[in-house]
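Here is the structure we will look at.
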Amino acid sequence: FVIVGILCLVAPLISSVIISAFVGWAFLIGGVFQCIAAIFFRELGGVWAIILSVLIGLAYVFVGGSFIAYPGLAVISLSFIIGILFFSSGILRLIVPFMGEAPMDGKWLNIFSAALEVFLGILIINGSPLDAAFYVATIMGIQLIFNGMAYFSIGRFIKSNITPAP
């Protein structure tokens with residue numbers, strides 16, 4: 001994960017196209033499975049449940065195919081979705097510290113982090129298409145690096161704290 005994360009940071013344009021293709025294939029395969037599940041598990045719901053489930057599956061297939069066929073537009077779409085997620089998450093995280101009566105440790109750090117998240121969301125939403133590729137690859141790269149480090153530390157913890165059975 002760490003190596004792939006570093007590659008995302010080093011080559012953001014290529015990485016963002018690869019990421020959007022990966023997401024596209026995930027949507028496409030998920031949509032196919034959604035349609036198959038709707039047909040095989042039809043006894044769990046009525047006719048409208050089956051129709052709705054198949055329509056959702058077809059929508060996934062359509063989005064996945066679009067992401068695969070038009071990776072540049074997919075990168076822009078992913079960037080916009082990430083921007084919306086950052087913005088909405090930041091707004092919610094700005095509200096939470098002021099809701100409770102009890103004092104919260106690190107309240108101002110949480111508020112600063114949430115405000116930064118709102119700012120990043122606005123920056124991503126208002127960015128240019130070239131910025132979109134940079135944002136997607138950078139965010140994914142940082143996420144992969146941190147996940148890789150977390151997996152490494154979990155593995156070290158397990159290795160040092162668990163003794164093998166005789």
Side-chain angles (χ1 to χ4, degrees), residues 1-96 99 113-114 117-118 120-155 157-158 162:
F1 285 115
V2 174
I3 294 170
V4 175
I6 292 170
L7 289 175
C8 284
L9 296 177
V10 171
L13 191 59
I14 295 169
S15 300
S16 61
V17 171
I18 292 170
I19 291 165
S20 64
F22 180 77
V23 169
W25 279 106
F27 274 128
L28 187 78
I29 293 168
V32 168
F33 279 114
Q34 175 78 24
C35 291
I36 291 170
I39 293 166
F40 280 111
F41 297 109
R42 60 183 172 264
E43 65 273 353
L44 296 178
V47 172
W48 289 110
I50 295 168
I51 292 172
L52 183 62
S53 190
V54 169
L55 287 175
I56 290 170
L58 291 175
Y60 279 132
V61 168
F62 174 76
V63 170
S66 297
F67 271 37
I68 294 165
Y70 305 104
L73 292 175
V75 169
I76 295 168
S77 299
L78 286 174
S79 176
F80 189 72
I81 291 168
I82 290 169
I84 290 172
L85 288 173
F86 272 28
F87 180 78
S88 57
S89 173
I91 293 292
L92 292 174
R93 288 185 48 221
L94 274 173
I95 295 170
V96 169
M99 291 180 67
S113 172
E117 199 169 8
V118 169
L120 285 173
I122 292 170
L123 188 70
I124 292 170
I125 291 168
N126 292 324
S128 74
L130 277 177
D131 292 340
F134 173 76
Y135 293 139
V136 169
T138 302
I139 290 167
M140 185 58 106
I142 291 169
Q143 180 68 24
L144 286 170
I145 289 170
F146 278 101
N147 281 350
M149 291 187 312
Y151 293 147
F152 179 74
S153 64
I154 290 168
F157 174 78
I158 291 172
I162 295 179

Please round to the nearest 0.5 Å and tell me the distance separating atom CD1 of Ile82 and atom CD1 of Ile125. 11.0 Å

Contact between Ile39 and Ile50 at the side-chain level, heavy atoms closer than 4.5 Å - yes or no? no

Nearest 0.5 Å, what's the CD1-CG distance between Ile124 and Leu78? 11.5 Å

Under 3.5 Å donor-acceptor, Ser16 side chain and Leu13 backbone: yes

From Leu92 CG over to Phe87 CZ, what is the distance, rounded to the nearest 0.5 angstrom? 10.0 Å

Here the gap from Phe86 atom CZ to Ile139 atom CD1, rounded to the nearest 0.5 Å, amounts to 4.0 Å

Might you point out which heavy atoms bring Cys8 and Ile19 nearest each other, and give the distance in Å? SG-CD1, 4.1 Å

Identify the heavy atoms of Leu9 and Ile142 that sit nearest to each other, and give their distance. CD2-CG1, 4.2 Å

Any donor-acceptor pair under 3.5 Å linking the side chain of Ser15 with the backbone of Ala11? yes

A quick test of your reading: do over 12 heavy atoms of other residues, nucleotides or ligands sit less than 6.0 Å from CD1 of Ile122? yes

Would you confirm whether Ser20, through its side chain, and Val17, through its main-chain N or O, come within 3.5 Å as a donor-acceptor pair? yes

Name the residue from Ile3, Val10, Val4 that meets the side-chain contact (heavy atoms from CB on, under 4.5 Å) definition with Ile6. Val10

Going from CG on Leu85 to CD on Glu117, what distance comes out if it is rounded to the nearest 0.5 angstrom? 9.0 Å

So do the side chains of Tyr135 and Pro12 get within less than 4.5 Å of each other, counting heavy atoms only? no

Working to the nearest 0.5 Å, report the span between OG of Ser53 and CG of Leu58. 9.5 Å

Over 60° means perpendicular and under 30° means parallel, so tell me whether Phe27 and Tyr60 are parallel, tilted or perpendicular. parallel

